[in-house]
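Positions are given from 1 along the sequence. Keep in mind that this is a model prediction, so the values were computed, not measured.
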Amino acid sequence: MAKVVLTRGLTQFTGGERELELDAENIRQLLRALGERYPDLKPHLADGVAIAIDGEIFQDAWLEPIPSDSEVHVIPQIVGG
C-alpha cells in the first residue's frame, strides 16, 4: 500500500487525519478512494489537485501508476494569475 500524505489545508475535511495508507493502482483510483473515505474532501478533489508520487508532481494524469511502496502527496491546485 502507498503512504498518502495530505497537505494541512486538506486535513480540515478528514477530521485531522494527515497520513494514511491506501491501495490504489493509479491516480484516478486514489482520488476515488479518498473521496469515498472522506466525503467532505470529495468536492475539493474535484476542484483539482496535484499528486506527487515519490517527489514527481502529476496533474491530470489519471492513469499514472502508483507503485505500492510509494509516498504520495495530495496538493491543492495553486491558482494564480
Next on the checklist: Please find the pair of heavy atoms, one from I27 and one from A61, that lie closest to each other, and give the distance.
Outcome noted: CD1-O, 3.3 Å

Checklist entry - Looking only at atom types and distance, does a side-chain atom of R18 sit under 3.5 Å from a main-chain N or O of L6, one as donor and one as acceptor? => result yes

Next on the checklist: Looking at every heavy atom in both L45 and G35, which two are closest together, and how far apart are they?
Outcome noted: CD1-N, 3.8 Å

Next on the checklist: Show the nearest heavy-atom pair for residues R37 and E17, with the distance to one decimal.
Outcome noted: NH2-OE2, 3.7 Å

Next on the checklist: Rounded at 0.5 Å granularity, tell me how far CD in E36 sits from CG in L41.
Outcome noted: 12.0 Å

Checklist outcome for this item: Heavy-atom closest pair (P67 atom, A2 atom, distance to 0.1 Å) is O-CB, 4.2 Å

Checklist entry - So do the side chains of V72 and D54 get within less than 4.5 Å of each other, counting heavy atoms only? => result no

Checklist entry - Got a donor-acceptor contact below 3.5 angstrom from the T11 side chain to the T14 backbone? => result no

Checklist entry - Linking I/L/V/M/F/W/Y whenever their side-chain heavy atoms sit closer than 4.5 Å, directly or via other members, would F13 and V49 fall into one cluster? => result yes

Next on the checklist: Quick check for you: to the nearest 0.5 Å, what is the distance between S68 atom OG and L22 atom CG?
Outcome noted: 13.0 Å

Next on the checklist: Under the rule for side chain to side chain contact (heavy atoms under 4.5 Å, CB included), what residues qualify as partners of D23, not counting sequence neighbours?
Outcome noted: M1

Item to check | CG on L63 to CZ on F58, rounded to 0.5 Å | outcome: 12.0 Å

Checklist entry - Are I75 and L20 linked, directly or through other ILVMFWY residues, by side chains that come within less than 4.5 angstrom of each other? => result no

Checklist entry - Taking atom CG of L10 and atom CG of D40, what is their separation to the nearest 0.5 Å? => result 12.0 Å

Next on the checklist: I'd like to know if I53 and W62 are part of one continuous hydrophobic network [Ile/Leu/Val/Met/Phe/Trp/Tyr, side-chain heavy atoms within less than 4.5 Å].
Outcome noted: yes

Item to check | Working for side-chain contact (heavy atoms from CB on, under 4.5 Å), residues V5 and V74 | outcome: CA-CA 6 Å; V5 180; V74 181; over 6 Å; no

Checklist outcome for this item: Residues passing the salt bridge (Lys or Arg N to Asp or Glu O under 4.0 Å) test with K3, sequence neighbours excluded, are E19, E71

